[in-house]
Amino acid sequence: MTISLATTEIPDIETPGVPQTVGVLGGGRMGAGIAHAFLVSGAAVTVVERDTAAAAAALDRVTGTLSKAIEKAAVAEDLESLLGRFAVSTDAADFGKAGLVVEAVPEDFKLKQSALLNVERFIGADAWIATNTSSLSVAELAATLARPERLCGLHFFNPVPASTLVEVVLGPLSAPELADSATRWVRGLGKTPIVVHDAPGFASSRLGVAIALEAMRMLEEGVASARDIDAAMELGYRHASGPLRTTDIVGLDVRLGIAEYLHETLGDRFAPPQILRDMVARGELGRKSGKGFYDYS
């Protein structure tokens, strides 16, 4: 199933810095945000999802974020023109003309590895693949690909349209030209790239999780309330959002998965505190569940 909003074939357009045609595997909040970013930068974008219901939901997400951006005058192009370059699908064969495909499925190694293998089956030999992993090894994800040199990490931040940073992660097998190409793509999106080499947690997740886990331990020990711990970082260190509120945005389950991976690879300093395990077990996952360190009901 493919739903295209275009009334004619997607145009072969020249875009400043970004690939002309981009695929996004996964249309959840991150995938929809990545699609939004490439669309407003001039690319034609196809999002592929697992079934028709998920594809329809991805279409609604992207349409919604584009509409809000236009209302706020953050995007000059009209909605009809933007959607004229956008399609959603349940068939990875629709990635066939993409110059770049960004994988944005949940942070699970086997799921991502399977997804990347499936993408590689349908893209051209000269197409690039990027994984949006926030902590997993790019080298290990690339290991089973036929063309591992075509893969890099593009770690976007949530919410993607408003974020200004993207980590470009290079594995040991990544093609030398990928550093220049990927940083050019990121700048073409109006964002700032930082280049990091493949290591557990890269730069941002490693630092962000370390601060968040300590904040959780402080809350667990009764050092201060969640609001006051967050205020210490927001007001004292000018963080836009405190570590506990940020965890609610990211998702406690996502942060637990990253912490467990870092604990396994980097040692006990990343051991998840019991409060995090207990909250995830109770289904308190942050904003998406209505309750985390704060109540969103």
Side-chain angles (χ1 to χ4, degrees), residues 26-34 36 54 57-58 60-61 64-65 68 104-109 111-112 132-136 155-167 200-264 266 268-297:
R29 185 167 184 177
M30 288 301 297
I34 293 166
H36 173 119
D60 287 344
R61 286 188 193 96
T65 61
K68 289 179 181 177
V105 303
E107 191 78 350
D108 175 272
F109 182 83
L111 177 61
K112 283 187 179 290
N132 185 50
T133 181
S134 57
S135 64
L136 300 175
H155 176 205
F156 289 84
F157 290 78
N158 190 20
V160 177
S163 69
T164 57
L165 176 68
V166 179
E167 276 187 303
F202 315 135
S204 62
S205 291
R206 191 160 166 177
L207 288 169
V209 169
I211 294 170
L213 295 180
E214 189 58 31
M216 293 174 206
R217 295 185 189 101
M218 291 168 63
L219 182 64
E220 196 172 46
E221 294 165 8
V223 173
S225 69
R227 290 187 185 279
D228 286 347
I229 291 169
D230 278 350
M233 300 307 293
E234 292 165 1
L235 303 178
Y237 290 87
R238 296 189 179 182
H239 287 201
S241 176
L244 299 175
R245 191 177 297 280
T246 299
T247 298
D248 277 357
I249 295 169
V250 171
L252 277 73
D253 53 337
V254 174
R255 192 137 265 185
L256 175 59
I258 296 170
E260 287 176 331
Y261 174 71
L262 294 178
H263 182 206
E264 179 184 339
L266 295 176
D268 287 345
R269 66 189 187 275
F270 286 99
Q274 193 61 43
I275 188 174
L276 178 58
R277 295 190 183 279
D278 290 345
M279 291 176 73
V280 171
R282 291 196 299 267
E284 297 172 3
L285 308 181
R287 276 189 180 177
K288 60 187 173 185
S289 70
K291 185 176 181 183
F293 292 104
Y294 295 87
D295 191 333
Y296 303 92
S297 59

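For clarity, every value in this text was computed on a predicted model and none was experimentally measured. Note that these values count all heavy atoms, side chains included, but never hydrogens, waters or copies made by symmetry.
- Nearest heavy-atom pair, P161 versus G33, reported as atom, atom and distance to 0.1 Å: CD-CA, 4.1 Å.
- Under the salt bridge (charged side-chain N to carboxylate O under 4.0 Å, His left out) criterion, R277 pairs with E260, sequence neighbours left out.
- Here the side chains of L276 and L213 are in contact, with some heavy-atom distance below 4.5 Å.
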Report task. Given side chain to side chain contact (heavy atoms under 4.5 Å, CB included), test T247 with M216 step by step and report yes or no. Result -> CA-CA 10 Å; T247 298; M216 293 174 206; 3.9 Å; yes

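- Residue pairs meeting the side-chain hydrogen bond (donor to acceptor under 3.5 Å, both in side chains) criterion with at least one member in residues 279-288, sequence neighbours excluded, are D253-K288, R282-E284.
- R227 is not listed as a side-chain neighbour of L244, based on a closest heavy-atom distance of 4.5 Å or more.
- Atom OH of Y261 sits about 8.0 Å away from atom CZ of F109, to the nearest 0.5 Å.
- Inter-residue side-chain proximity for D268 and H263 is flagged as met; some heavy-atom pair is nearer than 4.5 Å.
- Annotation: the span from I229 atom CD1 to R217 atom CZ amounts to 12.0 Å, rounded to 0.5 Å.
- Aromatic rings of F157 and H155 (six-membered ring for Trp) have centroids within the 6.0 Å cut-off, being under it.
- Within the 4.5 Å cutoff, side-chain heavy atoms of Y296 are placed close to those of D248.
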Query - R269 vs L262, side chain to side chain contact (heavy atoms under 4.5 Å, CB included): CA-CA, chis, key distance, verdict - result: CA-CA 9 Å; R269 66 189 187 275; L262 294 178; over 6 Å; no

Requested in this report: Apply the test side chain to side chain contact (heavy atoms under 4.5 Å, CB included) to residues D230 and S241: give CA-CA distance (whole Å), side-chain angles for both, the deciding distance (0.1 Å), then the verdict.
Outcome: CA-CA 7 Å; D230 278 350; S241 176; 5.9 Å; no

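- For G292 against L252, the heavy-atom pair with the smallest separation is CA-CD1, 4.3 Å.
- For the pair R245 and Y294, the distance from NZ or CZ to the six-membered ring centre is under 6.0 Å and the angle to the ring normal is within 45 degrees.
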Let me check something: any side-chain donor-acceptor pairs from residues 218-226 under 3.5 Å, sequence neighbours excluded? List them with distances.
{"from": "E220", "atom 1": "OE2", "to": "Q274", "atom 2": "N", "distance (Å)": "3.4"}
{"from": "E220", "atom 1": "OE2", "to": "I275", "atom 2": "N", "distance (Å)": "2.8"}
{"from": "S225", "atom 1": "OG", "to": "D228", "atom 2": "N", "distance (Å)": "3.1"}

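- Scanning all heavy atoms of the two residues, the minimum distance from G290 to D295 falls at O-OD1, 3.5 Å.
- For the residue pair S205 / S135, no side-chain donor-acceptor distance below 3.5 Å is found, with atom types taken as modelled.
- Closest of all the heavy-atom pairs between P159 and R29 is CB-NH2, 4.4 Å.
- Between E167 and F156, the closest side-chain pair of non-hydrogen atoms is not below 4.5 Å.
- Counting only N and O atoms by type, the side chains of T133 and E107 include a donor and acceptor under 3.5 Å apart.
- Without hydrogens or angle criteria, S163 side chain to V160 main chain gives a donor-acceptor distance under 3.5 Å.
- The shortest non-hydrogen separation linking P272 to L256 is CB-CD1, 3.6 Å.
- With R238 contributing its side chain and L235 its backbone, the two residues share no donor-acceptor pair below 3.5 Å.
- Nearest approach of E234 to G242, heavy atoms of both residues: OE2-N, 2.8 Å.
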